[in-house]
A.B. asks: 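Could you have a look at this structure, given as structure tokens, before my questions?
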Amino acid sequence: IWSFTDALNESPTKHWTGENQPMIGMIKVDGKSYRFLGKDEKPTRTIIAAGDEKPYECKSSENEPGDGWMNIKFDDDNWKTSMAPFGSNKATAKTWWLTKDIWVRRIFTVKEISKEKIYLKLQHDDDVQVYLNGHLIYTSTSWTPKPKYILLDETIIGKLIKGRNLLAMHCKNIAGDSWLDAGLSTDVEPASYAKNILLAKQQSVEINATQTIYKFTCGAVNLALTFTSPLLINDLDILAKPVSYVSFKTSSNDGAQHTVQLYFGTSSTTAVDVPAQEVIAQQYVAEKLSFLKAGTKEQAVLKKSGDDVRIDWGYVYIAAPITQNTTQTIAGIDESIHSFITSKPILKNTSSGTELMLNTVFPAERISSTVTEKVLLIGYDDLYAVQYFEQNLKAWWKQEAGTTIENTLQKAYDEYSIVLNKCNMLNKMIYNDALKAGGENYAKLCVTTYRQCISAHTILKNPEGEILFLSKENFSNGSINTVDVTYPSAPLFLAYNPELMKGMLNGIFY
């Protein structure tokens with residue numbers, strides 16, 4: 001999960017492919033709410049669902065239909081009744097489409113015409129023409145790898161009527177895969193609570209090999225926010241654990257005492273490919289930790305491949321020490337944020353749905369100039385990590401019998417101070433070695449690429465018990481361990497742990 005802007009609260013946090021995977025962080029200081037992490041994007045409301053939200057029934061033909069096929073009065077009795085989306089991928093398409101052309105007619109009913117902006121939500125591969133009630137509203141001679149929201153101007157919106165409407169499409173597959181899916185959406189008015197949230201002022205950001213550290217001023221209180229991913233290249237057991245720490249350090253900056261309360265929310269979209277996928281979420285206690293857990297209902301383990309996909313199997317976890325007396329809840333984003341800024345509790349957790357927020361709220365407390373620290377853990381259990389010569393393999397951290405994500409997170413919390421000390425030593429080693437070798441700018445480059453380089457790999461053992469350290473590109477069609485990634489990342493592992501280099505080569509040799 002990445003921040004795409006210099007200031008942490010200027011944009012939503014995102015998956016490395018650019019899709020939103022929101023984290024929201026807020027702090028309440030003497031009753032005033034400040035946002036320091038993430039950003040609410042103006043949501044959309046579905047008018048008619050696209051297939052990634054909910055498969056829909058329509059009429060389709062793969063034969064030239066003749067004149068007037070895009071008009072609502074056209075006789076389509078001889079067309080097939082089909083389920084959308086259409087495509088050549090059996091795993092995701094509801095109707096298999098392998099011919100060169102397809103024509104689609106979708107009848108839908110509108111009760112009220114929105115006063116807000118309206119968007120055509122469209123994904124197509126390749127060339128497409130889209131009609132609304134017989135009028136051409138969009139055309140393209142390219143393709144889109146994921147749904148695209150196209151703003152419709154007022155003249156087009158004027159073609160939408162109360163009652164019965166027709167969305168008609170023609171798509172031509174020029175080469176490669178095929179796909180066609182569409183819906184309509186409209187803007188939603190910002191929630192009324194938004195005007196009551198202030199922006200924390202970011203004072204600095206520091207990046208080292210294992211951490212990103214932000215410092216904020218939130219009125220009369222300072223906040224230091226540290227994200228630690230302990231990717232210790234010289235300690236494979238810690239490196240392999242799918243656990244990161246989030247630390248919140250608060251202190252007064254004016255010498256007076258203040259009442260402070262912290263909120264941290266993680267979207268369930270962290271565990272999906274597309275936001276419309278249904279997730280199952282729960283809150284429970286195990287060991288000495290309170291857990292939030294979310295994952296897709298489908299759990300299609302290692303099923304998808306393609307240039308622009310995200311993991312949609314396994315489960316994301318947020319763990320809070322019981323001793324911190326946090327309140328953990330699951331709800332929609334509006335209800336979650338409204339609950340925090342108004343101090344009105346969420347009475348019932350939402351166990352299933354889409355785009356849920358996993359909320360952790362720390363109890364309000366009086367703070368002074370003495371620094372107070374709170375810690376959360378974020379974990380991910382992918383169940384199976386890699387499909388290796390048609391065999392699904394578990395990750396390195398799961399190789400010992402009896403290992404669970406719960407006891408892995410508990411051990412990570414118990415060893416927090418020890419792990420942080422190891423991170424500090426590694427941070428200094430990576431920076432100082434690079435500084436000595438190539439100067440300050442070179443050292444900064446090495447520091448900023450360290451986590452990218454390691455996190456683009458996963459560590460495990462093959463069926464013969466040999467080490468594997470397999471790479472995965474951003475957009476690589478599901479391919480792993482490709483030598484064009486192995487070559488440029490090799491120097492880091494040759495310098496600090498050749499065992500990982502061996503893990504990269506074993507898979508290539510096989």
Side-chain angles (χ1 to χ4, degrees), residues 15 17-19 44 48-71 74 76 79-108 118-153 156 159 166-185 273-277 303-310 312 473-479:
H15 183 267
T17 55
E19 286 296 301
T44 59
I48 57 169
D52 66 338
E53 302 170 59
K54 184 180 179 181
Y56 54 88
E57 189 176 277
C58 55
K59 293 279 192 172
S60 69
S61 174
E62 296 177 20
N63 300 312
E64 178 71 47
D67 295 340
W69 67 273
M70 74 291 292
N71 296 320
F74 180 82
D76 58 13
W79 289 32
K80 295 178 184 176
T81 299
S82 307
M83 294 298 294
F86 301 85
S88 55
N89 189 331
K90 283 185 176 180
T92 51
K94 292 299 180 182
T95 296
W96 211 15
W97 165 38
L98 296 178
T99 58
K100 188 174 182 179
D101 292 271
I102 193 166
W103 290 263
V104 174
R105 289 169 53 87
R106 182 182 185 185
I107 298 290
F108 62 97
I118 295 179
Y119 303 86
L120 171 66
K121 180 181 177 182
L122 179 66
Q123 184 178 353
H124 59 94
D125 189 354
D126 297 291
D127 301 356
V128 71
Q129 301 90 43
V130 183
Y131 298 83
L132 177 61
N133 293 330
H135 301 276
L136 182 66
I137 63 171
Y138 182 77
T139 183
S140 174
T141 55
S142 62
W143 64 284
T144 58
K146 56 189 175 184
K148 179 180 179 181
Y149 287 83
I150 301 149
L151 179 63
L152 303 179
D153 64 33
I156 295 173
K159 311 301 180 186
L166 171 71
L167 192 67
M169 298 174 285
H170 170 222
C171 191
K172 183 182 291 291
N173 183 31
I174 304 299
D177 294 332
S178 61
W179 191 263
L180 182 61
D181 183 30
L184 293 174
S185 299
D273 177 24
V274 294
Q277 287 178 276
K303 294 291 185 184
K304 290 183 180 177
S305 64
D307 268 350
D308 189 8
V309 295
R310 287 140 295 278
D312 61 355
E473 299 174 68
N474 265 7
F475 296 93
S476 62
N477 195 42
S479 306

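Treat the numbers as computed from the prediction; the structure is a model and nothing was measured. Throughout, numbering of the chain's residues begins at 1 and tracks the sequence.
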A.B. asks: Taking atom CG of Leu184 and atom CD1 of Ile48, what is their separation to the nearest 0.5 Å?
C.D. replies: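 One gets 4.0 Å once the value is rounded to the nearest 0.5 Å.
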A.B. asks: Determine whether a donor-acceptor pair (N or O, by modelled atom type, separation under 3.5 Å) exists between the side chain of Thr141 and the backbone of Asp127.
C.D. replies: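 It does not hold such a pair.
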A.B. asks: Kindly say whether Glu62 contributes a backbone atom to a donor-acceptor pair with the side chain of Asp101 at under 3.5 angstrom?
C.D. replies: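 Answer holds: no.
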A.B. asks: Does the Gln123 side chain pair with the main chain of Leu180, one donor and one acceptor, at a distance under 3.5 Å?
C.D. replies: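 Flag not set: sc Gln123 to bb Leu180 has no pair under 3.5 Å.
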A.B. asks: If you compare all heavy atoms of Lys148 against all heavy atoms of Thr144, which two are closest, and at what distance to 0.1 Å?
C.D. replies: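 Here Lys148 and Thr144 meet closest at CD-CG2, 4.1 Å.
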A.B. asks: Going through the distances and angles, do Met169 and Leu122 end up as a side-chain contact (heavy atoms from CB on, under 4.5 Å)?
C.D. replies: CA-CA 10 Å; Met169 298 174 285; Leu122 179 66; 4.3 Å; yes
A.B. asks: OH/Tyr119 to CG/Leu151 distance, rounded to the nearest 0.5 angstrom?
C.D. replies: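 Interatomic distance, Tyr119 OH to Leu151 CG, rounded to 0.5 Å: 5.5 Å.
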A.B. asks: Could you measure the distance from the CD1 atom of Ile156 to the CG atom of Asn133? Nearest 0.5 Å is fine.
C.D. replies: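 Between atom CD1 of Ile156 and atom CG of Asn133 there are 12.0 Å.
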A.B. asks: Taking only residues two or more places apart in sequence, or in another chain, which ones meet Asp181 in a salt bridge (Lys or Arg N to Asp or Glu O under 4.0 Å)?
C.D. replies: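 Testing Asp181 for salt bridge (Lys or Arg N to Asp or Glu O under 4.0 Å), a comparison that skips the adjacent residues, returns none.
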A.B. asks: Please name all residues satisfying salt bridge (Lys or Arg N to Asp or Glu O under 4.0 Å) with Arg106, sequence neighbours left out, ordered by chain then number.
C.D. replies: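 Arg106 satisfies salt bridge (Lys or Arg N to Asp or Glu O under 4.0 Å) with no residue once adjacent residues are dropped.
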A.B. asks: Can you tell me if Trp97 uses its side chain to pair, donor with acceptor, with the backbone of Thr99 under 3.5 Å?
C.D. replies: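 Answer holds: yes.
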A.B. asks: Which heavy-atom pair separates Phe108 from Leu167 by the least distance, and what is that distance?
C.D. replies: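 Between these two residues, the closest heavy atoms are CE2-N, 3.7 Å.
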A.B. asks: May I have the list of side-chain donor-acceptor pairs in residues 81-91 shorter than 3.5 Å, sequence neighbours left out?
C.D. replies:
{"residue": "Thr81", "atom": "OG1", "partner": "Lys59", "partner atom": "NZ", "Å": "3.4"}
{"residue": "Ser82", "atom": "OG", "partner": "Ser60", "partner atom": "OG", "Å": "2.7"}
{"residue": "Ser88", "atom": "OG", "partner": "Ser178", "partner atom": "N", "Å": "3.0"}
{"residue": "Asn89", "atom": "OD1", "partner": "Ala91", "partner atom": "N", "Å": "2.9"}

A.B. asks: Could you work out, with side chain to side chain contact (heavy atoms under 4.5 Å, CB included) as the rule, every residue matching Asn63, not counting sequence neighbours?
C.D. replies: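 So Asn63 forms a side chain to side chain contact (heavy atoms under 4.5 Å, CB included) with Ser61.
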A.B. asks: Please answer whether the main-chain N or O of Trp69 pairs with a side-chain N or O of Arg105 as donor and acceptor at a distance below 3.5 Å.
C.D. replies: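 Side chain of Arg105 to backbone of Trp69, a donor-acceptor pair under 3.5 Å: yes, one is there.
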A.B. asks: Quick one: NZ on Lys159 to CG on Leu132, what's the gap to the nearest 0.5 Å?
C.D. replies: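 Reported value, rounded in 0.5 Å steps: 9.0 Å.
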A.B. asks: Are more than 12 heavy atoms from other residues, nucleotides or ligands located less than 6.0 Å from atom CG of Asp153?
C.D. replies: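 Counting neighbours around CG of Asp153, more than 12 heavy atoms of other residues, nucleotides or ligands fall under 6.0 Å, so yes.
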A.B. asks: Quick check for you: to the nearest 0.5 Å, what is the distance between Ser142 atom OG and Asp126 atom CG?
C.D. replies: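 These two atoms lie 8.5 Å from each other.
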A.B. asks: Under the salt bridge (Lys or Arg N to Asp or Glu O under 4.0 Å) rule, collect the residues that match up with Lys146, sequence neighbours excluded.
C.D. replies: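 Lys146 satisfies salt bridge (Lys or Arg N to Asp or Glu O under 4.0 Å) with Glu19, Asp308 once adjacent residues are dropped.
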A.B. asks: Donor-acceptor check, side chain of Tyr56 to backbone of Ala182, threshold 3.5 angstrom: yes or no?
C.D. replies: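 The answer is yes, because a donor-acceptor pair under 3.5 Å joins these two groups.
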A.B. asks: Working to the nearest 0.5 Å, report the span between CD1 of Ile150 and CD1 of Ile118.
C.D. replies: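 Going from the CD1 atom of Ile150 to the CD1 atom of Ile118 covers 14.0 Å.
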A.B. asks: Quick one, Thr92 and Trp179 - any side-chain contact, counting heavy atoms below 4.5 Å?
C.D. replies: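 Yes, their side chains come closer than 4.5 Å.
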A.B. asks: Is the shortest side-chain heavy-atom distance between Phe74 and Leu166 below 4.5 Å?
C.D. replies: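 Result no, sub-4.5 Å side-chain heavy-atom pair not found.
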A.B. asks: For Lys121, enumerate each residue passing the salt bridge (Lys or Arg N to Asp or Glu O under 4.0 Å) test, keeping only those at least two apart in sequence or located in another chain.
C.D. replies: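 Asp52, Glu53.
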A.B. asks: Look at the rings of His170 and Trp103 and say which category their plane angle falls in: under 30° parallel, 30 to 60° tilted, over 60° perpendicular.
C.D. replies: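 Parallel, since the angle between the ring planes stays under 30°.
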A.B. asks: List the atom of Asp125, the atom of Asn173, and the distance in Å for their closest heavy-atom pair.
C.D. replies: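 Scanning both residues, the minimum pair turns out to be O-OD1, 4.1 Å.
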